[in-house]
Amino acid sequence: MTGNDDTDGERQDFIREIISEDLATSKHAEVVTRFPPEPNGYLHIGHTKSIFLNFGIAEEFGGRCHLRFDDTNPVKEELEYIESIKEDVRWLGCDWGERLYHASDYFERLYDWAEDLVRAGKAYVDDLSAEEIRAHRGTLTEPGKPSPYRDREADENLELLRAMRDGKYPDGDKVLRAKIDMTAGNINLRDPVLYRILRATHPRTGDRWCIYPTYDYAHGQSDAIEHITHSLCTLEFEDHRPLYDWFVDNLPVPSKPRQIEFARLNLTYTVLSKRRLLQLVKGGHVGGWDDPRMPTISGIRRRGYPPAAMHDFIERVGLAKRNSVVDLAMLEHCVRTELNRTAERRMGVLRPLKVVIENYPEGTSEELEAVNNPEDSAAGTRQVPFGRELYIERADFMEEPPKKFFRLAPGREVRLRYAYFITCRDVIKDDTGEVVELRCTYDPETRGGDSPDGRKVKATLHWVSAAHAVGAEVRLYDHLFNRPDPGADGDLLDDLNPGSLEVVDDAWLEPSIAAFGPGDRFQLERLGYFCVDPDSVPGKPVLNRAVTLRDSWAKVKAKSKE
RNA sequence: UGGGGUGUCGUCCAAUGGUAGGACAUGCGGCUCUGGACCGUAGGAUCGGGGUUCGAAUCCCUGCACCCCAGCCA
């Protein structure tokens with residue numbers, strides 16, 4: 001189901017249709033998919049599409065999904081990445097069970113098959129340099145020319161290949177190439193490289209090998225070895241498919257997998273490429289791979305996006321073959337929907353304005369009952385302390401309110417959530433004319449927030465008791481880039497949003513928030529959804545704002561400014 | 001000017017020869033102890049030109065636009 005359909009649960013995307021058909025016609029008895037990351041970076045939101053697709057299909061069709069590291073290039077790959085990828089996949093709720101594999105598990109078999117190809121006259125060792133190979137490859141419009149080494153005898157090739165494996169030649173000195181067709185329109189078929197000489201320590205095989213298979217030579221065969229039935233990948237591999245099939249058809253592999261391509265995910269205001277993400281991290285433009293502004297899985301986890309929201313998002317985005325860019329607002333909608341359902345409510349004030357309740361007895365306080373989650377009665381209630389001195393949000397008071405401003409103003413009565421109606425009696429300013437304190441009175445009859453005489457107020461404000469509040473640092477995030485297509489016409493860095501991070505270090509929170517630990521998510525009423533950051537220290541929580549609430553007042557305000 | 005793909009509301013995805021529909025976004029109402037949530041409602045699309053057909057987003061022809069490929073990256 002694509003998730004954007006509510007009348008027909010049968011509807012499927014084109015890949016699920018193919019699989020259903022393969023099952024119906026008994027082409028396959030079971031479905032086996034795989035998620036095949038290269039451990040050369042951190043996973044990002046784009047990968048969630050592939051992860052949920054592969055694991056989701058396996059689950060829906062009662063099959064299985066393998067986690068396979070495509071570790072064929074030790075120059076770029078690291079153990080650190082392997083660990084982070086596993087953690088991220090697990091966090092998304094996907095379980096590969098015992099089915100953890102690596103392309104490097106198959107290096108021995110892949111090599112044997114390479115000898116088979118050589119013996120069959122379908123592969124040869126080429127002495128040409130990388131530059132010469134490129135020159136011989138031709139261009140998009142001109143055919144390539146055969147290498148002078150293309151017609152070496154099988155025996156000589158075999159000897160050379162073994163010598164390559166045994167470390168007799170320096171890096172880059174020779175390669176093994178498939179002998180296919182130097183004039184093919186599809187450049188991938190112009191005698192692709194199968195093995196290159198690379199003296200690099202592999203994260204798993206160490207220094208056992210000095211030749212490594214290329215992606216093209218390793219991927220399809222790895223799929224076949226694992227009896228993958230449907231090998232799902234992104235569009236740019238579409239014209240590798242003939243090569244993929246060529247290997248599977250020319251090698252004694254145990255099964256014949258089918259590669260199917262789909263469009264990768266793109267998001268507005270976001271970059272999703274390892275190269276550009278690495279650029280942001282290495283350049284110090286963000287705090288690291290897990291900076292909450294990063295579209296990495298570790299970034300959004302720290303930011304407070306729940307895995308369930310990611311799943312919902314991927315379902316809604318759907319699956320097709322056309323390149324597209326999804327509106328970031330769609331993702332934020334999914335985050336809000338999930339958090340609205342599951343996150344408990346709390347109160348906190350970001351930019352405090354002191355309020356003194358003049359007719360509230362000095363030196364006393366009381367506890368008021370507050371609902372934890374109006375969307376979930378099972379979440380229960382909690383007690384919130386109230387006293388004579390409070391903080392409210394600075395933005396909730398205006399000395400000269402415009403027509404549509406419903407909040408506190410001189411002489412006006414509003415409700416303090418779950419507490420009392422208060423009326424603003426006096427405004428105290430400092431030398432510069434800035435409002436520093438409000439003198440108010442409360443109506444004891446309105447305890448809990450309802451007036452016995454049926455009197456209405458137009459606004460309800462959040463607040464905290466000054467005597468009980470916990471000081472906190474709150475990090476507010478905005479889009480990392482200030483245009484929907486960052487880097488589209490020029491330097492990516494020119495499009496960085498200088499206001500993407502705002503740190504508020506004198507926020508006040510209701511005391512119950514101290515009970516939350518890193519990773520816990522909750523709503524600060526009227527402000528948004530927040531997540532406790534690991535930077536928190538005892539007595540001084542650090543909060544990340546995952547996403548704001550929808551804010552129709554902000555829209556009214558923005559419109560009146562135009 | 002080689003090969004491989006893709007063109008449907010602003011955005012994403014459906015409609016598989018038979019009323020172009022949903023979601024997000026946007027506008028307008030309602031409701032509300034969160035200007036939240038929720039409910040209702042409106043506007044908004046088949047790349048162009050021919051053809052086949054009672055009937056075309058769908059089939060055919062022909063243009064056009066966009067994406068990918070010339071790593072010993074994946």
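The sequence lines fix the lettering, A, B, ..., with proteins before strands; numbering per chain opens at 1. Heavy-atom basis, side chains included; hydrogens, waters and symmetry copies ignored. Note that the structure is a prediction, hence the values are computed from the model and not measured.
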Inter-nucleotide [atom1] distance ([N], [M]), Å rounded:
{"N": "G10(B)", "M": "G50(B)", "atom1": "C1'", "value": "31 Å"}
{"N": "U6(B)", "M": "C47(B)", "atom1": "C1'", "value": "12 Å"}
{"N": "G18(B)", "M": "G36(B)", "atom1": "C1'", "value": "44 Å"}
{"N": "C13(B)", "M": "A70(B)", "atom1": "C1'", "value": "35 Å"}
{"N": "C12(B)", "M": "G17(B)", "atom1": "C1'", "value": "26 Å"}
{"N": "U41(B)", "M": "G21(B)", "atom1": "P", "value": "15 Å"}
{"N": "A57(B)", "M": "U19(B)", "atom1": "P", "value": "10 Å"}
{"N": "C66(B)", "M": "U8(B)", "atom1": "P", "value": "14 Å"}

**Prompt:** Checking side-chain hydrogen bond (donor to acceptor under 3.5 Å, both in side chains) against D191(A), which of K179(A), H136(A), R150(A), R177(A) comes through?
**Reply:** R150(A)
Should the pair [X]-[Y] be classified as a salt bridge under the 4.0 Å nitrogen-to-oxygen rule?
{"X": "E60(A)", "Y": "R16(A)", "value": "yes"}
{"X": "D171(A)", "Y": "R196(A)", "value": "no"}
{"X": "D376(A)", "Y": "R345(A)", "value": "no"}
{"X": "D173(A)", "Y": "K168(A)", "value": "no"}
{"X": "R258(A)", "Y": "D223(A)", "value": "no"}
{"X": "R241(A)", "Y": "D245(A)", "value": "no"}
{"X": "E369(A)", "Y": "R382(A)", "value": "no"}

**Request:** List the steps and the verdict of salt bridge (charged side-chain N to carboxylate O under 4.0 Å, His left out) for K555(A) and D551(A).
**Result:** CA-CA 7 Å; K555(A) 281 177 194 166; D551(A) 188 351; over 6 Å; no
**Asked** Can you find a donor-acceptor pair, distance only, under 3.5 Å between R241(A) side chain and G4(B) base?
**Response**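 Result: no qualifying N/O pair found.
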With heavy atoms under 4.0 Å as the rule, sort [X] into base, sugar-phosphate or nothing.
{"X": "Q523(A)", "answer": "base"}
{"X": "V371(A)", "answer": "nothing"}
{"X": "Y212(A)", "answer": "nothing"}
{"X": "E525(A)", "answer": "base"}

Out of [options], whichever nucleotide has its closest atom nearest the side chain of [X]:
{"X": "R345(A)", "options": "G36(B), U6(B), A25(B)", "answer": "G36(B)"}
{"X": "P374(A)", "options": "G36(B), G35(B), G2(B)", "answer": "G36(B)"}
{"X": "K321(A)", "options": "A23(B), A25(B), G5(B)", "answer": "G5(B)"}

**Request:** Compute whether any side-chain donor of one residue and acceptor of the other, for Y244(A) and Q259(A), lie under 3.5 angstrom apart.
**Result:**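 No.
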**Request:** Go through the side-chain N and O atoms of H462(A) and R526(A) and say whether any donor and acceptor fall under 3.5 Å apart.
**Result:** yes
Please report the distance, rounded to the nearest Å, between [atom1] in [X] and [atom2] in [N].
{"X": "L524(A)", "N": "U34(B)", "atom1": "CG", "atom2": "C1'", "result": "11 Å"}
{"X": "Y529(A)", "N": "U34(B)", "atom1": "OH", "atom2": "P", "result": "13 Å"}
{"X": "R316(A)", "N": "G22(B)", "atom1": "CZ", "atom2": "P", "result": "15 Å"}
{"X": "F313(A)", "N": "U11(B)", "atom1": "CZ", "atom2": "P", "result": "16 Å"}
{"X": "N340(A)", "N": "C24(B)", "atom1": "CG", "atom2": "P", "result": "14 Å"}
{"X": "M330(A)", "N": "U26(B)", "atom1": "CE", "atom2": "P", "result": "13 Å"}
{"X": "N266(A)", "N": "C13(B)", "atom1": "CG", "atom2": "P", "result": "10 Å"}
{"X": "E17(A)", "N": "A14(B)", "atom1": "CD", "atom2": "C1'", "result": "11 Å"}

**Message:** Per the side-chain hydrogen bond (donor to acceptor under 3.5 Å, both in side chains) rule, what does the pair list look like for residues 320-332 of chain A, sequence neighbours excluded?
**Reply:** E238(A)-K321(A)
Taking [Y]'s backbone N and O only, do any of them form a donor-acceptor pair with [X]'s side chain (distance below 3.5 Å, no angle check)?
{"X": "D181(A)", "Y": "R190(A)", "answer": "no"}
{"X": "T446(A)", "Y": "G449(A)", "answer": "no"}
{"X": "D485(A)", "Y": "A488(A)", "answer": "no"}

**Request:** Classify the glycosidic conformation of G71(B) as syn or anti, calling it syn when the angle lies within 90° of 0.
**Result:**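 In terms of base orientation relative to the sugar, G71(B) is syn.
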**Message:** Out of the candidates Y195(A), F237(A), F247(A), only one should pair with Y215(A) under the ring-ring contact (aromatic ring centres under 6.0 Å, His included) rule; please name it.
**Reply:** F237(A)
**Prompt:** In which ranges does RNA chain B form stems of 3 or more consecutive Watson-Crick or G-U pairs, distances under 3.5 Å?
**Reply:**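 Stems for RNA chain B, defined as runs of 3 or more consecutive pairs: B:2-7 with B:64-69, B:10-13 with B:21-24, B:26-30 with B:38-42, B:47-51 with B:59-63.
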**Prompt:** So does K555(A) get a side-chain nitrogen or oxygen closer than 4.0 Å to the phosphate oxygens (OP1/OP2) of U26(B)?
**Reply:**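 The answer is yes; a side-chain N or O of K555(A) sits under 4.0 Å from OP1 or OP2.
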**Item:** Any H462(A) side-chain N or O less than 4.0 Å from OP1/OP2 of U34(B)
**Value:** no
Below 3.5 Å between N/O atoms, which protein atoms pair up with nucleotides 30-32 of chain B? Just atom names and distances, please.
none

**Prompt:** Aromatic ring centroids of Y81(A) and Y42(A) under 6.0 Å?
**Reply:**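 Ring centres of Y42(A) and Y81(A) closer than 6.0 Å.
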**Asked** Quick one: NE2 on H202(A) to NE2 on H102(A), what's the gap to the nearest 0.5 Å?
**Response** 8.5 Å
**Request:** For R264(A), look at atom CZ and say whether over 12 heavy atoms of other residues, nucleotides or ligands are found less than 6.0 Å away.
**Result:**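 Incorrect, the count does not exceed 12.
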**Fill in**
Nucleotide by nucleotide, nucleotides 67-74 of chain B touches protein heavy atoms under 4.0 Å in the pattern (B base, S sugar-phosphate only, - none) SBBBSBSB
**Nucleic acid contacts of residues 545-552 of chain A, taken as heavy-atom distances under 4.0 Å to RNA chain B** =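 Contacts with RNA chain B under 4.0 Å: L549(A), R550(A), D551(A), S552(A).
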Any N/O pairs under 3.5 Å between the protein and nucleotides 8-10 of chain B? List them or say none.
| from | atom 1 | to | atom 2 | distance (Å) |
| --- | --- | --- | --- | --- |
| U8(B) | O4 | R322(A) | NH2 | 3.3 |

